[in-house]
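Comments concern the structure below.
Within every chain, numbering begins at 1; the chains are lettered A, B, ... in the order of the sequence lines, protein sequences first and strands thereafter.
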Number of protein chains: 2
Amino acid sequence: MARGTYERQAMVRRSATGRIGIAEVAVKAGVSHATVSRVMNGNFTVDPEIASRVRAAAAELKYQPNPVGRSLALGKTDTIGIVVPDLANPTFQAILRGLSRAAAQDGYRVLIADSFEVSSEEAILAGEARRRCDGLVLCAPRMSDAELEEIVPSLHPLVLINRTTTAADVPSLVVDYGQGVQDLAGHLVELGHTRLAFLAGPPRSASNGLRLEGLEAFKAANPQVEVLMLEGGSDFDTGHEAVDAVLDSGATGILAFNDLVAMGLMSGLHERGLDVPGDISVTGFDDIPFARYTTPTLTTAAVPITELGQQAWHQLRALIRKEENDAPGSRYQPRLEIRASSGPAKAPRSAAHG
Amino acid sequence: MARGTYERQAMVRRSATGRIGIAEVAVKAGVSHATVSRVMNGNFTVDPEIASRVRAAAAELKYQPNPVGRSLALGKTDTIGIVVPDLANPTFQAILRGLSRAAAQDGYRVLIADSFEVSSEEAILAGEARRRCDGLVLCAPRMSDAELEEIVPSLHPLVLINRTTTAADVPSLVVDYGQGVQDLAGHLVELGHTRLAFLAGPPRSASNGLRLEGLEAFKAANPQVEVLMLEGGSDFDTGHEAVDAVLDSGATGILAFNDLVAMGLMSGLHERGLDVPGDISVTGFDDIPFARYTTPTLTTAAVPITELGQQAWHQLRALIRKEENDAPGSRYQPRLEIRASSGPAKAPRSAAHG
DNA sequence: CTCACGCGAGAAAGCGTTTTCTCGGTTCGT
DNA sequence: ACGAACCGAGAAAACGCTTTCTCGCGTGAG
């Protein structure tokens with residue numbers, strides 16, 4: 001029983017900061033703080049008896065290592081950052097969720113940086129977040145290509161969502177919005193619609209650009225159908241306020257920028273006494289959870305967005321661990337999800353009614 | 001022109017970690033790293049000429065202070081944490097958003113910890129998050145009172161959401177779910193409903209408990225109306241799967257645990273060919289953004305949840321700054337939001353039909 | 001019996017900052 | 001003209017941890 005040596009140190013005075021540190025544990029256990037560190041990190045080169053003495057002291061003092069000190073010594077924070085333009089948007093919420101869950105399984109935490117749609121802040125925000133973390137996931141749909149290229153090198157390890165870059169070692173996870181919108185348009189045409197309208201998203205958004213490209217391709221392949229462009233945005237209100245423009249367009253099939261816009265639009269149409277899909281068909285994009293529960297249920301293009309968040313972590317993890325990454329980035333194909341908001345076309349409506 | 005002194009150090013070799021540190025800037029500017037620190041922190045006790053020399057060197061090397069080192073020296077991280085049980089739930093998304101936005105305005109970042117409904121993890125998660133941050137916001141609706149009381153002292157500065165504690169200096173932000181549910185029930189009764197059913201939330205949830213208390217009070221005050229209890233949960237599927245139970249209950253007015261459950265239920269009723277509110281009235285709770293855009297639009301009790309997130313930051317900030325806090329915590333009254341999903345009662349339905 | 005070797009634990013350096021302490025050089029007052 | 005404040009900047013300590021380096025002791029071999 002080689003006790004007494006350390007039991008005499010009954011009183012432990014806390015360090016300057018008031019919190020229990022490695023030093024207090026070392027004193028209480030009668031060893032050096034180096035040994036405490038070894039024990040806490042499961043280093044087996046330490047005598048079992050001493051180890052248990054240290055563990056006892058640590059438990060008794062409820063010692064919890066200070067992660068900041070640890071991070072400084074180790075040069076890593078076990079934290080990743082994500083920059084999103086708008087946390088109110090279900091798409092980014094879902095990415096965040098997938099990312100957070102996947103990262104948590106590997107013991108990493110997530111720091112969020114919401115740019116609140118102020119794209120001029122995104123670069124600064126990204127830089128700050130990056131320096132606090134071991135890696136970054138960047139969602140910056142409105143940032144210019146030039147600015148993106150400029151900041152990307154300083155952000156490594158980095159994973160981009162719905163953007164691409166020429167820089168090496170920067171995986172891009174992009175959803176093929178162009179294909180998705182073509183599938184939706186094709187679906188409406190099969191139902192007999194010949195006059196479609198695209199209720200666009202935010203003007204400078206990258207994913208809106210992809211949709212527009214897809215529609216151009218669609219128009220080229222289907223010259224017999226009219227595709228009108230309507231200005232829009234990305235939320236409920238956009239859709240709700242677009243009712244007049246939609247009706248004036250005379251289109252019978254409406255491709256909304258996303259599910260939110262589609263829901264706002266359907267709500268507005270309903271208020272006008274119009275029937276969906278009887279009078280007019282509406283499609284969304286994304287397949288957010290709510291899309292199954294709208295009335296009528298929403299035809300949309302499903303994007304495995306939570307899975308994308310998870311994949312973002314896997315790509316980022318490979319970068320952090322400096323592993324060989326066979327598939328740097330990937331492309332997600334939306335899946336057509338036909339529900340009740342799209343139906344056969346009525347006789348074509350005439351434009352400029354009322 | 002006292003140049004040359006420092007311009008000779010054209011080559012700057014990066015530190016061990018590869019990143020540019022204060023040391024590199026110091027060498028390039030020909031000063032000590034202490035001086036660089038002073039300049040970077042706007043300390044005016046430094047000679048303007050030297051200061052600008054330092055700034056030039058910093059700019060040229062694109063020096064960005066390492067926040068980890070800074071945090072260690074300063075004993076603060078400029079980061080707060082939030083623990084939520086489920087990031088998929090719009091309520092917590094909204095809290096997070098309000099919190100994040102408010103904190104960002106004061107230069108703080110937010111670290112998220114999602115417990116994924118595993119309440120046994122919550123305590124550990126909370127502790128870990130806390131140690132990495134300057135303060136914590138805890139949403140742990142399922143944690144037992146005993147466990148909560150046990151961990152609370154070690155989490156200070158701490159703000160609780162929808163929980164209370166006996167510990168001092170721990171503000172609680174709680175929504176008065178009891179009052180809200182009574183308002184909703186009262187509304188249905190005014191419409192002539194005499195047989196109500198409450199589609200409950202997760203059994204051990206604190207906010208569900210508050211609703212149940214409210215309903216008890218309501219029953220006591222309105223002995224003429226029947227209030228049935230139905231088991232449930234907190235998401236779409238719960239509501240959707242509860243259709244049979246709801247119909248069997250014979251109730252004409254349904255109080256759903258929250259908006260999600262209400263939406264699931266309405267969707268299920270719609271599939272059965274039933275009309276809301278013609279055949280049956282449905283109310284939700286929370287007034288999530290989607291509630292305005294369902295068909296029919298959803299009668300619900302509006303909770304200023306984003307504002308609550310913002311308030312959480314203000315309370316936490318006061319704690320971090322050790323300010324006097326005149327109003328430690330507050331209570332939020334839901335506002336009855338009458339929309340189209342509730343209407344006059346039909347002739348009472350008989351239970352156990354078909 | 002002595003020497004080399006190995007093992008376990010303490011000493012110390014290092015991570016990148018901030019901040020106190022100290023000291024050399026001015027400047028001002030007398 | 002001499003000493004006392006003063007000021008600006010470098011040296012060094014501190015923050016809390018990990019890890020390398022070093023050294024003492026014990027064991028086994030020659």
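The B:A73 side chain lies nearest to C:dT18 when the options are C:dT18, D:dC17, D:dA11. Closest approach to the A:A34 side chain among D:dG10, C:dA12, C:dT17 is made by C:dA12 (side chain taken as heavy atoms from C-beta onward). Checking D:dA11, C:dT18, C:dG16 against every side-chain atom of B:L72, the shortest atom distance belongs to C:dG16. Side-chain proximity of B:T45 to D:dT18, C:dT18, D:dG8: nearest is D:dG8.
Following rounding to the nearest Å, B:D47 (CG) and C:dT26 (P) show an atom-to-atom distance of 13 Å. In this structure, B:R70 atom CZ and C:dT18 atom P are separated by 5 Å, rounded to whole Å. In this structure, B:I22 places its CD1 atom 14 Å from C1' of D:dA11, rounding to the nearest Å. C:dG8 atom P lies 10 Å from atom CG of A:N43, rounded to whole Å. The distance between atom CZ of A:R38 and atom P of C:dA11, rounded to the nearest whole Å, is 11 Å. Rounding to whole angstrom units, CG of residue B:N41 and C1' of C:dT18 are separated by 7 Å. Between the P atom of C:dG16 and the CZ atom of B:R19 lies a distance of 10 Å, rounded to the nearest Å. Atom P of nucleotide D:dC17 and atom CD of A:E24 are separated by 9 Å, given to the nearest angstrom.
Under the 6.0 Å distance and 45° angle rule, A:R101 counts as a cation-pi partner of B:F116.
A salt bridge does not link A:R97 to B:D86: none of the charged nitrogens lies less than 4.0 Å from a carboxylate oxygen. The residues B:R317 and B:D106 are annotated as salt-bridged, a charged nitrogen and a carboxylate oxygen being separated by less than 4.0 angstrom.
For C:dT17, the OP1/OP2 oxygens have no side-chain nitrogen or oxygen of B:S37 closer than 4.0 Å. Between A:S32 and C:dA11 there is no side-chain polar atom (N or O) within less than 4.0 angstrom of OP1 or OP2. Residue A:Y63 places at least one side-chain N or O under 4.0 Å from the OP1 or OP2 atom of D:dC17. OP1 and OP2 of D:dC15 both lie 4.0 Å or more from every side-chain N or O belonging to A:N66.
The minimum heavy-atom distance linking A:E122 with A:A140 is given by the pair OE1-CB, 3.5 Å.
Using a 4.0 Å heavy-atom criterion, one finds that A:V68 contacts no nucleic acid atom at all.
Atom CZ of residue B:R19 and atom NZ of residue B:K62 lie 12.5 Å apart, to the nearest 0.5 angstrom.
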